[in-house]
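Below, read A as the first sequence line, B as the second, and so on, with proteins coming before strands; counting in each chain starts at 1. Note: hydrogens, waters and symmetry copies are ignored here, and every other heavy atom, side chains too, is used. Because the structure is predicted, anything quoted here is derived from the model rather than measured.
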Number of protein chains: 2
Amino acid sequence: MAHDERPRTAPGPASRGGVTLKDVAQAAGVSISTASRALANNPHVSKATRRHVQQTARELNYVVNGLVRSMTGTGTRTVAFVTDAFLGEAFARMAQGVDMTLRRENAMLFLNSTQGFPEGQRIVIEQLARQRTSGVLLVGTQSDTDEHWTRIARYHDLLASVGARLVLCGVPAISNPKVSDIPTVSYDQRSGVQAATNALLDAGHRSIAFLGYSRRTTAMERFDGYRRAMRQAGLTVDPDDPMVIATGNVEEQIGPAALRLLDRDPAERPTAIVCTTDRMAHGVYRTARQLGLRLPEDLSVVGFDDLAADESLTPTLSTVNVPYEEIGRYAARLVLGLPVDRGEHPVFPVRFIPRRSIASPDRTATRSY
Amino acid sequence: MAHDERPRTAPGPASRGGVTLKDVAQAAGVSISTASRALANNPHVSKATRRHVQQTARELNYVVNGLVRSMTGTGTRTVAFVTDAFLGEAFARMAQGVDMTLRRENAMLFLNSTQGFPEGQRIVIEQLARQRTSGVLLVGTQSDTDEHWTRIARYHDLLASVGARLVLCGVPAISNPKVSDIPTVSYDQRSGVQAATNALLDAGHRSIAFLGYSRRTTAMERFDGYRRAMRQAGLTVDPDDPMVIATGNVEEQIGPAALRLLDRDPAERPTAIVCTTDRMAHGVYRTARQLGLRLPEDLSVVGFDDLAADESLTPTLSTVNVPYEEIGRYAARLVLGLPVDRGEHPVFPVRFIPRRSIASPDRTATRSY
DNA sequence: CTGAAAGCGCTAACAG
DNA sequence: CTGTTAGCGCTTTCAG
C-alpha cells in the first residue's frame with residue numbers, strides 16, 4: 001500500500017492530503033478521543049498524555065479541520081459583508097470596523113460584491129446560506145421598491161432557516177412593514193445634509209442645487225434633508241426641479257451630471273451645490289474648473305462622507321462626517337448576537353464639518369473680471 | 001419526543017436547527033442517496049423522482065450544508081485576501097479583481113486584516129489553514145528582513161500542509177532564497193518612480209526630494225527608481241540624504257514628514273518631491289498650502305497609485321497608474337491554480353501619468369511677490 | 001483518566 | 001433507476 005500521490009505536503013500520512021487526528025492518535029499511541037481531548041486542553045486528560053499528544057501533533061504538522069468542527073457545532077463563526085462593489089472609503093471603513101469586532105470574537109469575514117445585479121445578490125446570499133454563515137451584513141443603499149423589500153424579506157427567511165442573521169447596514173431605518181423586523185444600522189443622513197444645506201443658506205445662498213437624487217434609500221434620505229432645510233428657509237424644491245440632478249456615484253455619471261448643472265447661463269446656474277457624496281463633490285470640483293469657475297467664489301460646494309482626500313482639495317471640502325467604523329462595529333455585534341446598547345435599529349449621529357468650500361454668493365456679484 | 005427548542009426557523013424538523021437531507025428524503029419517501037442524487041441533478045434518477053424530491057426540498061426550505069460538502073472534497077473553494085489594513089483604494093481595486101475571478105470560479109473570498117502585528121499575520125494564517133482555505137493572497141508590502149521571510153516561508157509550509165497555496169501580491173519579485181518558490185504578483189514599481197522622477201528632471205528640477213523611504217519591499221523598490229533616475233542625471237542620493245524622508249503611509253506620519261521637508265530655508269527646500277504614494281502626495285499638498293507655497297510654481301509633486309481623487313486636486317496630480325484590478329485577477333488565478341500566461345512571478349507594467357502638478361522650477365526664481 | 005462507539009450531514013461506491 | 005453501506009474528520013456521550 002505504498003501510494004505516493006499526495007500533494008507536496010508535509011511528512012504526515014493521510015490519503016487525501018492532510019494529517020488527521022487519527023494519524024496523531026496512532027503516532028501518539030492513544031485513542032482518537034484522547035487525542036481530541038488532549039488537543040482541546042480538556043482537563044480530563046493526564047498532563048503527561050496531553051503534553052505527549054500535543055508534541056506529536058506538532059511534529060506531524062497537524063492542523064484541525066475547522067470545517068468538520070463547524071459541523072459538530074463547535075467551530076469558527078463566519079460573517080459576510082455583502083455590498084454592490086467594495087470600492088470607496090466608506091465601505092472600507094465600515095469593513096474595518098466589522099473586521100475588528102469579528103477578530104475579537106474569533107469569527108471570520110467573508111467579502112462579497114454583488115456587482116449591481118439583483119441576481120448577484122441572490123446568488124451570493126444563497127451561497128452564504130449553504131456555507132452556514134452565521135450572519136450577513138447587507139451593506140449600502142438599497143433600492144426602495146416594494147419588489148426589492150420582498151426580495152430582502154426572502155433573504156432574511158432563507159438565512160433564518162439556517163440559523164443565520166441578516167442585518168441591513170447603512171440604510172435608513174425602513175418603514176416598509178415587510179422588513180420591519182430586520183435589524184438596521186443607520187446614521188442620520190437627513191440631519192447631515194440638512195446641516196450642510198443650512199451652512200450654504202447661512203452663507204447667503206438661495207440658488208442651491210442638489211446632486212444625486214435617485215430612488216435609492218440613501219439618496220432619498222439625503223434629498224429629504226436638503227428639502228427640509230430649503231423649506232425652512234422658505235424655498236421649495238421637488239425632485240423635478242431643474243436644480244435637482246440625479247446621478248449614480250460613479251465617475252462616468254458624475255461628470256455629465258455636474259455639467260448639466262453648471263454649464264448654464266449664469267442666471268440659471270446655482271451658486272452652491274449640495275452633493276450626496278464626496279465623490280460627487282470631487283467631480284463637481286473638476287467640472288467647475290473645466291468651466292473656469294472659481295471655487296468657492298463662483299460656486300460653493302458641500303459633500304457627504306468626509307473622505308481622506310477632502311482636505312487636500314482646493315478649497316478644502318465641507319462635508320459630513322459619518323462614524324463608519326463604529327457603524328461597522330455595531331453591525332458586527334448585532335449580527336453575532338452580542339449585547340448592544342442601542343437596540344436593533346440604531347441611528348448614529350453624523351457631524352457637519354465646515355471647511356473652505358463655502359463662500360458668500362455676494363462675492364460672485366462683485367467680481368469684476 | 002416533542003422537543004421544540006430550535007430557533008425561529010422555517011417549518012422543517014431537524015434537531016440542531018436546520019432541515020437536513022434526511023428530512024427531505026423522509027418527506028419525499030426516498031432514500032437519502034436518492035435524494036442527494038436528485039438534488040445534484042445526477043442523471044441516474046428518474047425525472048419524476050427528481051422533480052418530486054426537488055419540490056419537497058423547496059417546500060421544506062432545505063439548504064445543503066456546504067461545510068459538509070467541503071469535507072467530502074466537493075464544496076466551495078475559499079480564498080483569503082490578507083493585508084495589513086484594507087483601507088485605501090489600491091487594495092480595494094485589487095480585491096475587486098480577486099472577487100471577480102473568484103465569483104466566476106464559484107469560490108468565496110475571505111478578507112482578513114492583520115492590523116500591523118506580525119502576530120496578527122500568524123494568527124490569521126493559522127485560522128485560514130484550519131478552515132481549509134484553498135489559497136491565501138498575502139497582499140501589500142512586506143518588511144524586507146530575513147526574519148520576516150523566514151516567517152513567510154513557515155506560512156507557506158503550513159498552508160501547503162493543508163493543500164493551500166500562498167501567493168504574495170504587490171511585492172516585488174523577491175530575491176531572498178527562503179521564499180523564491182512562492183509565487184509573487186508584482187508590478188514595475190521601479191520604472192514607475194523612475195519615469196516620475198524623470199518627468200521632474202526634464203522639467204528642469206535638480207533639487208528633488210523623496211518622501212517615503214523605509215525598510216519595506218515596496219518603498220525600497222520605489223526608492224531605487226528614484227535613485228536611478230537621479231543618478232542618470234548625474235545626481236547622487238542615498239537613504240541618509242536630507243532630501244530623503246521616511247514615513248509610513250498614514251496621515252499622522254505624512255504631515256510631519258512633509259513638514260520636515262518643506263519647512264526649510266528656501267535654499268534648502270526641494271523644488272520638487274517624489275512621493276511613494278498618492279496619499280503622501282495629498283499630504284504634501286496640504287502641508288505646502290499651510291506653508292503658503294504655491295503648487296506647482298513653488299513646488300512640483302508626483303505621486304504613485306493614481307487614486308480617483310487625484311484629478312480633483314489643484315493642480316491635478318501627476319502619478320503612476322497601476323493595474324491593480326488586473327493584478328488581483330491574476331493573483332486569484334494563480335492561487336486557484338488556473339492557467340496563467342505570465343508565469344508565477346509576473347511583473348505588471350505601470351504607466352506614468354503626467355498632469356498639472358509639474359512645473360519648471362524657473363518660475364519659482366522669477367516670482368516677484 | 002481513557003477508550004469504544006455513536007453521530008454530525010452529505011457523497012460515493014457498491015449492490016441490487 | 002434506487003437503496004444500502006461506507007466513510008470524511010472530529011466531538012462527545014457512555015462505559016470502563
Side-chain angles (χ1 to χ4, degrees), chain A residues 6 12-54 56-57 60-76 129-132 161-163, chain B residues 6 12-54 56-57 60-76 129-132 161-163:
Chain A
R6 71 188 121 86
S15 56
R16 249 224 250 311
V19 181
T20 76
L21 184 56
K22 192 174 162 193
D23 300 324
V24 176
Q26 268 166 2
V30 298
S31 74
I32 295 187
S33 34
T34 301
S36 173
R37 284 191 277 255
L39 293 173
N41 277 319
N42 183 316
H44 301 270
V45 190
S46 79
K47 212 156 193 170
T49 341
R50 179 183 327 172
R51 190 185 303 267
H52 177 221
V53 171
Q54 294 191 345
T56 313
L60 259 43
N61 281 318
Y62 171 68
V63 181
V64 256
N65 187 326
L67 265 28
V68 175
R69 265 196 176 158
S70 308
M71 224 174 68
T72 324
T74 336
T76 314
R130 261 181 268 126
Q131 294 303 118
R132 294 298 188 267
S161 78
V162 296
Chain B
R6 71 189 121 87
S15 56
R16 249 224 248 312
V19 182
T20 74
L21 185 56
K22 192 174 161 194
D23 300 325
V24 176
Q26 269 166 3
V30 299
S31 74
I32 295 187
S33 37
T34 301
S36 173
R37 285 191 277 255
L39 292 174
N41 276 321
N42 183 315
H44 301 271
V45 189
S46 80
K47 213 159 192 166
T49 341
R50 180 183 326 173
R51 191 184 303 267
H52 178 221
V53 172
Q54 294 192 342
T56 313
L60 259 44
N61 280 319
Y62 172 68
V63 181
V64 256
N65 187 326
L67 265 27
V68 175
R69 265 195 175 159
S70 309
M71 225 175 66
T72 324
T74 337
T76 314
R130 261 180 269 127
Q131 294 302 118
R132 294 298 189 268
S161 79
V162 296

- prompt: Tell me, do Gln54(A) and Asn41(A) make a side-chain contact under 4.5 Å, heavy atoms counted?
  reply: yes
task: State, yes or no, whether a side-chain contact exists between Arg69(B) and Thr76(B) at a heavy-atom distance under 4.5 Å.
output: no
- prompt: What is the distance, rounded to the nearest whole Å, between atom NZ of Lys22(B) and atom P of dG9(C)?
  reply: 8 Å
message: Do Leu39(A) and Leu21(A) have side chains that approach each other closer than 4.5 Å (heavy atoms only, starting at C-beta)?
response: yes
field: Leu67(B) CG - dC10(D) C1' separation (whole Å)
entry: 13 Å
query: Under 3.5 Å, side chain of Thr56(A) to main-chain N/O of His52(A), donor-acceptor pair present?
result: yes
task: Mind listing the closest non-hydrogen atom pair of Val19(A) and Val24(A) along with its distance?
output: CG1-CG2, 4.3 Å
- request: For the residue pair Val63(A) and Arg132(B), establish whether any side-chain heavy-atom pair is separated by less than 4.5 Å.
  value: yes
- prompt: For the residue pair Ile32(B) and Lys22(B), what are the closest heavy atoms and their distance?
  reply: CD1-CG, 3.9 Å
task: Enumerate the residues from residues 36-51 of chain B whose closest heavy atom to DNA chain C is under 4.0 Å, giving them by residue number; use none for an empty result.
output: Ser36(B), Arg37(B)
Exercise: identify the closest heavy-atom pair between Val53(A) and Ala28(A): CG2-CB, 4.2 Å
statement: Contact check, residues 27-35 of chain A vs DNA chain C, heavy-atom distance under 4.0 Å, returns Val30(A), Ser31(A), Ser33(A), Thr34(A)
- request: In whole angstrom, give the distance that lies between atom CG of Asn65(B) and atom P of dG7(C).
  value: 19 Å
- request: Evaluate the side-chain proximity of Arg130(B) to Asn65(A): yes if any heavy-atom separation is below 4.5 Å, no if none is.
  value: no
message: Need the bend value for the helix from dC1(C)-dG16(D) to dG16(C)-dC1(D): angle between end axes, 5 pairs each end, nearest 10°.
response: 40°
- prompt: Between Leu21(A) (CG) and dA4(C) (P), how many Å, whole number?
  reply: 14 Å
field: Interatomic distance where CD belongs to Gln26(A) and P belongs to dG9(D) [whole Å]
entry: 12 Å
Heavy-atom closest contact (Thr34(A) atom, Thr49(A) atom, distance): CG2-CG2, 4.1 Å
Protein-nucleotide distance (His52(B), atom NE2; dT2(D), atom C1'), rounded to Å: 15 Å
